[in-house]
J.: 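Structure incoming, see below.
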There are 2 protein chains.
Amino acid sequence: MSKPRSRRGGGRPTIADVARKAGVGAITVSRALREPGRVSEDLRRQIQAAVAELGYVPDPNARALASARAEVFGVLVPSLTNNVFAEVVRGIYDSLSDSPFRIQIGNTHYSGLEEERLLQVFGSQRPAALIVAGIDQTPSARRLLENAGCPVVQVMETGPDPVDMMVGFSHFDGGRTAAEHLLEAGYRKIGFIGARMDPRSQRRLAGYRAAMEAAGLFDQRLITTTPVPSSVSLGRELFRDALAKMPTLDGVFCNNDDIALGVLFECHRASIDVPKQIGIAGFNDLDMMQVSFPSITSVRTHRYEIGTRAVAMALAAIAGNRPEQRIVDLGFELMRRESTAR
Amino acid sequence: MSKPRSRRGGGRPTIADVARKAGVGAITVSRALREPGRVSEDLRRQIQAAVAELGYVPDPNARALASARAEVFGVLVPSLTNNVFAEVVRGIYDSLSDSPFRIQIGNTHYSGLEEERLLQVFGSQRPAALIVAGIDQTPSARRLLENAGCPVVQVMETGPDPVDMMVGFSHFDGGRTAAEHLLEAGYRKIGFIGARMDPRSQRRLAGYRAAMEAAGLFDQRLITTTPVPSSVSLGRELFRDALAKMPTLDGVFCNNDDIALGVLFECHRASIDVPKQIGIAGFNDLDMMQVSFPSITSVRTHRYEIGTRAVAMALAAIAGNRPEQRIVDLGFELMRRESTAR
DNA sequence: CAGACAAATGGTAGCGCTACCATGGAGAGC
DNA sequence: GCTCTCCATGGTAGCGCTACCATTTGTCTG
């Protein structure tokens with residue numbers, strides 16, 4: 001009885017304070033903030049003034065509790081430092097920066113189990129939407145997604161069986177396109193070099209293989225992979241391994257651009273002429289690919305757009321008009337450059 | 001009266017369900033989950049069983065509301081894609097992955113105003129701790145940090161006047177060390193090339209300038225900078241500008257490694273011998289610096305450790321034993337490589 | 001063996017907000 | 001004039017959890 005108010009709260013103004021100051025009911029303040037159209041202009045102005053004067057900021061936790069829905073987008077990616085996912089995440093952030101939605105990122109470390117665990121944690125918050133990288137969820141992760149009770153967007157690649165919605169492109173086609181390009185350019189002994197062979201890399205490899213088999217040039221010994229995380233220095237090492245295994249190699253399609261750059265550097269170091277002796281193609285088309293000497297052919301992917309598009313679809317679904325096109329293929333673009341211009 | 005329970009909640013089990021099943025009070029369940037030591041082993045086991053059977057996951061929103069404290073670390077960085085911050089964030093994630101704390105990242109886009117806005121938003125959630133990049137907060141952002149009511153760690157650099165705690169290193173010293181190294185190696189006309197000249201880059205520039213002035217070799221025309229975001233291709237362009245302005249340039253200290261790589265590529269392209277004609281030094285020591293041909297001298301910074309250390313300090317402060325050393329200087333290391341070995 | 005005290009457990013009352021259902025008054029239709 | 005709708009607003013009752021204060025039991029002290 002002694003301290004009827006703000007016993008535990010840090011003394012921050014609450015919606016009741018605003019209501020009192022504006023001379024209206026708390027619920028009207030709540031409405032004025034969330035659905036301004038439903039409150040008369042007079043009151044809306046008074047309320048805005050009271051909010052500004054008190055410096056009132058709604059408590060998202062109380063909001064989430066009362067409405068059984070948090071204004072949070074859950075985002076699950078396998079890596080925080082891999083530029084590819086960083087770009088997707090940046091697209092998500094930029095698209096959401098002016099909305100009331102917060103973002104919660106989970107790092108799965110390329111682990112299905114970790115993904116399940118994070119999905120469990122995220123689910124407990126009743127997020128407004130979930131964006132997850134990849135389409136290879138474990139059965140139980142998939143069940144969690146299906147029962148999340150919110151829009152779900154799988155990003156980075158497309159596939160036949162979306163949980164809900166999808167934005168990405170075909171890694172298989174990307175891999176095949178790169179390999180076909182190398183073949184057209186006249187290379188014959190084209191190796192595949194890949195680190196951190198996640199499911200997307202596996203599909204790029206499958207695409208490469210399809211192209212090589214179609215040309216009657218496939219050979220298991222052309223493939224050099226490792227589960228170790230990708231890096232430029234690893235690219236160099238893998239290339240040396242590949243060359244040791246198959247000295248007549250005349251081209252390489254790399255899993256990603258870091259690897260490709262490592263290959264290029266090793267060629268410099270070993271005085272291997274690119275593109276005359278060896279042709280190099282990468283994947284993702286990082287900025288540096290066009291600047292390197294020689295510039296490196298790469299498959300450009302639209303990572304930032306994947307992020308923005310995923311958010312747009314989720315937002316539409318939240319608003320009630322789920323896009324009729326549930327699978328969006330953003331494609332890719334082969335950037336032909338000096339490294340494959342024989 | 002018709003539906004006394006779970007009117008709004010999605011039917012998820014609540015703490016009351018667990019309590020009923022375990023035959024105990026709700027508060028005991030709460031305690032068993034948060035402070036197991038305070039509950040007898042018998043009950044703890046029963047409760048654990050009930051939790052497992054029901055698949056109960058505590059609602060973090062209700063928790064935050066009731067305890068006036070969310071189990072959230074707020075993290076503010078200027079960029080999501082810049083590898084430097086991505087590494088720090090990765091350190092933070094890894095250190096927190098086994099804790100109950102969630103992470104909320106804000107992207108300030110190098111804007112003080114945006115930082116203020118995000119601090120406002122984060123503050124409304126009563127985070128358990130705040131980690132912010134840099135020491136150049138606006139006065140009002142600083143006030144928000146001081147009144148946040150939780151541990152605050154400023155990361156990336158050290159300075160004289162922490163809001164609370166600090167982990168980083170001296171960018172000024174880093175810049176000076178790199179410049180001094182170039183001088184010792186015999187370079188004289190050493191340019192400074194920098195993109196996105198944020199406060200940390202400014203201090204590196206100041207360090208470079210101090211070294212050059214001490215040697216009596218400073219010249220304003222040696223400096224080429226731009227506020228444009230950094231990239232490898234920009235490094236190439238800036239280097240061409242620098243060379244046009246000062247054709248007798250015989251060395252460059254680059255703001256960061258992306259720029260340095262761009263410079264190296266341009267040297268390849270223009271048949272400028274590195275390190276004979278031009279010496280190159282970068283900053284941060286990304287993996288590729290040691291692989292490039294020639295390998296590039298760079299100032300290695302401990303970004304991942306900055307993240308882990310910041311979390312450790314915040315966690316200690318939350319636990320009540322604030323570290324006596326409030327400013328932690330993790331230093332840096334000059335990696336001498338071929339690009340400056342004249 | 002009373003009294004003090006700690007340890008283990010539970011009841012009650014909110015945290016700040018919104019869903020749900022009233023309420024009152026303005027306008028529409030007969 | 002009267003009912004009927006619709007709109008703007010408000011009251012009440014929680015959302016799921018924990019802080020605070022009992023209450024009970026067991027254990028130690030003198």
Side-chain angles (χ1 to χ4, degrees), chain A residues 1-20 22-47 51 54 56-71 100 123-126 128, chain B residues 1-20 22-47 51 54 56-71 100 123-126 128:
Chain A
M1 293 292 127
S2 49
K3 274 184 174 181
R5 289 189 47 234
S6 75
R7 186 161 50 97
R8 300 195 288 213
R12 247 175 276 266
T14 73
I15 202 168
D17 298 325
V18 176
R20 208 170 305 123
V24 300
I27 198 82
T28 306
V29 175
S30 174
R31 268 198 286 260
L33 262 29
R34 290 177 303 139
E35 312 166 87
R38 290 192 48 194
V39 174
S40 70
E41 204 179 317
D42 271 13
L43 286 192
R44 213 186 311 152
R45 246 200 300 275
Q46 285 176 50
I47 291 169
V51 164
L54 293 172
Y56 169 72
V57 182
D59 181 332
N61 298 119
R63 226 174 219 192
L65 183 58
S67 65
R69 179 59 65 216
E71 291 186 317
S124 71
Q125 296 184 63
R126 305 157 190 222
Chain B
M1 293 291 126
S2 50
K3 275 183 174 181
R5 291 190 46 235
S6 76
R7 185 163 50 97
R8 301 194 286 212
R12 247 176 276 268
T14 73
I15 201 168
D17 298 324
V18 176
R20 208 171 304 121
V24 299
I27 199 85
T28 306
V29 175
S30 175
R31 267 198 286 263
L33 262 27
R34 290 177 302 138
E35 312 165 89
R38 292 191 48 193
V39 175
S40 71
E41 205 179 315
D42 272 14
L43 287 191
R44 215 187 309 154
R45 246 199 301 274
Q46 287 177 49
I47 290 169
V51 164
L54 293 172
Y56 169 72
V57 183
D59 181 333
N61 298 118
R63 226 172 220 194
L65 184 57
S67 65
R69 178 61 66 214
E71 291 186 317
S124 70
Q125 296 184 63
R126 307 160 190 220

J.: Is a donor from one side chain sitting under 3.5 angstrom from an acceptor on the other, for B:Ser40 and B:Arg44?
T.: no

J.: Kindly point out which of D:dC17, D:dT9, C:dC17 is positioned nearest to the side chain of A:Thr14?
T.: C:dC17

J.: By nearest atom, which of the nucleotides C:dC15, C:dC17, D:dC17 is closest to the B:Ala62 side chain?
T.: D:dC17

J.: Of A:Leu43 and B:Asp59, whose nearest nucleotide on DNA chain D comes first from the 5' end?
T.: A:Leu43

J.: Which residue lies toward the 5' end of DNA chain C, A:Tyr56 or B:Arg38, if each is placed at its nearest nucleotide?
T.: B:Arg38

J.: Heavy-atom distance under 4.5 Å between the side chains of A:Ile47 and A:Tyr56, does that happen here?
T.: no

J.: If I take atom CZ in residue A:Arg63 and atom C1' in nucleotide D:dG16, what distance separates them, rounded to the nearest angstrom?
T.: 19 Å

J.: Identify the two heavy atoms, one from B:Thr28 and one from B:Val39, that lie closest to each other, and give their separation to 0.1 Å.
T.: O-CG2, 4.0 Å

J.: In whole Å, I'd like the distance from the CD atom of B:Glu71 to the C1' atom of D:dT18.
T.: 12 Å

J.: Do you know the tightest heavy-atom contact between A:Ile15 and A:Ala26?
T.: CD1-O, 3.7 Å

J.: State the dot-bracket string of DNA chain C. Criteria: Watson-Crick or G-U wobble, both atom distances under 3.5 angstrom; notation: ( ) intrastrand, [ ] crossing earlier pairs, | interstrand, . unpaired.
T.: ||||||||||||||||||||||||||||||

J.: Rounded to the Å, how far apart are B:Arg31 CZ and D:dA19 C1'?
T.: 10 Å

J.: Rounded to whole Å, please give me the gap between CG in A:Leu65 and C1' in D:dC15.
T.: 4 Å

J.: Ignoring the backbone of A:Ile27, work out which of D:dG16, C:dC20, D:dC20 is nearest its side chain.
T.: C:dC20

J.: Measure the distance from CD on A:Glu35 to C1' on C:dC20 and round it to the nearest whole Å.
T.: 13 Å

J.: Give a yes/no answer on whether the side chain of A:Ser67 brings an N or O atom under 4.0 Å of OP1 or OP2 in D:dC15.
T.: no

J.: Does a side-chain heavy-atom distance below 4.5 Å link A:Arg34 with A:Arg63?
T.: yes

J.: Separation of A:Leu33 atom CG from C:dC17 atom P, in whole Å?
T.: 9 Å

J.: Any side-chain N or O of B:Ser30 less than 4.0 Å from the OP1 or OP2 oxygen of D:dC17?
T.: no

J.: When you compare the side chain of A:Asp59 with that of B:Arg126, does any pair of heavy atoms fall below 4.5 Å?
T.: yes

J.: Whole Å only: how far is the CZ atom of A:Arg126 from the C1' atom of D:dG16?
T.: 8 Å

J.: In whole Å, what is the span from the CG atom of A:Asp42 to the P atom of D:dC7?
T.: 19 Å

J.: Under 4.0 Å, counting only non-hydrogen atoms across every strand here, what does A:Arg34 touch: a base, just sugar-phosphate, or nothing?
T.: sugar-phosphate

J.: D:dA8 phosphate, OP1 or OP2: any side-chain N/O from A:Thr28 under 4.0 angstrom?
T.: no

J.: Around atom CD of B:Glu35, are there more than 12 heavy atoms from other residues, nucleotides or ligands closer than 6.0 Å?
T.: yes

J.: Could you check if a side-chain atom of B:Ser124 sits within less than 4.5 angstrom of a side-chain atom of A:Pro58, using non-hydrogen atoms only?
T.: no

J.: Among D:dA19, D:dG10, C:dT18, which is the nearest nucleotide to the side chain of A:Ala66?
T.: C:dT18

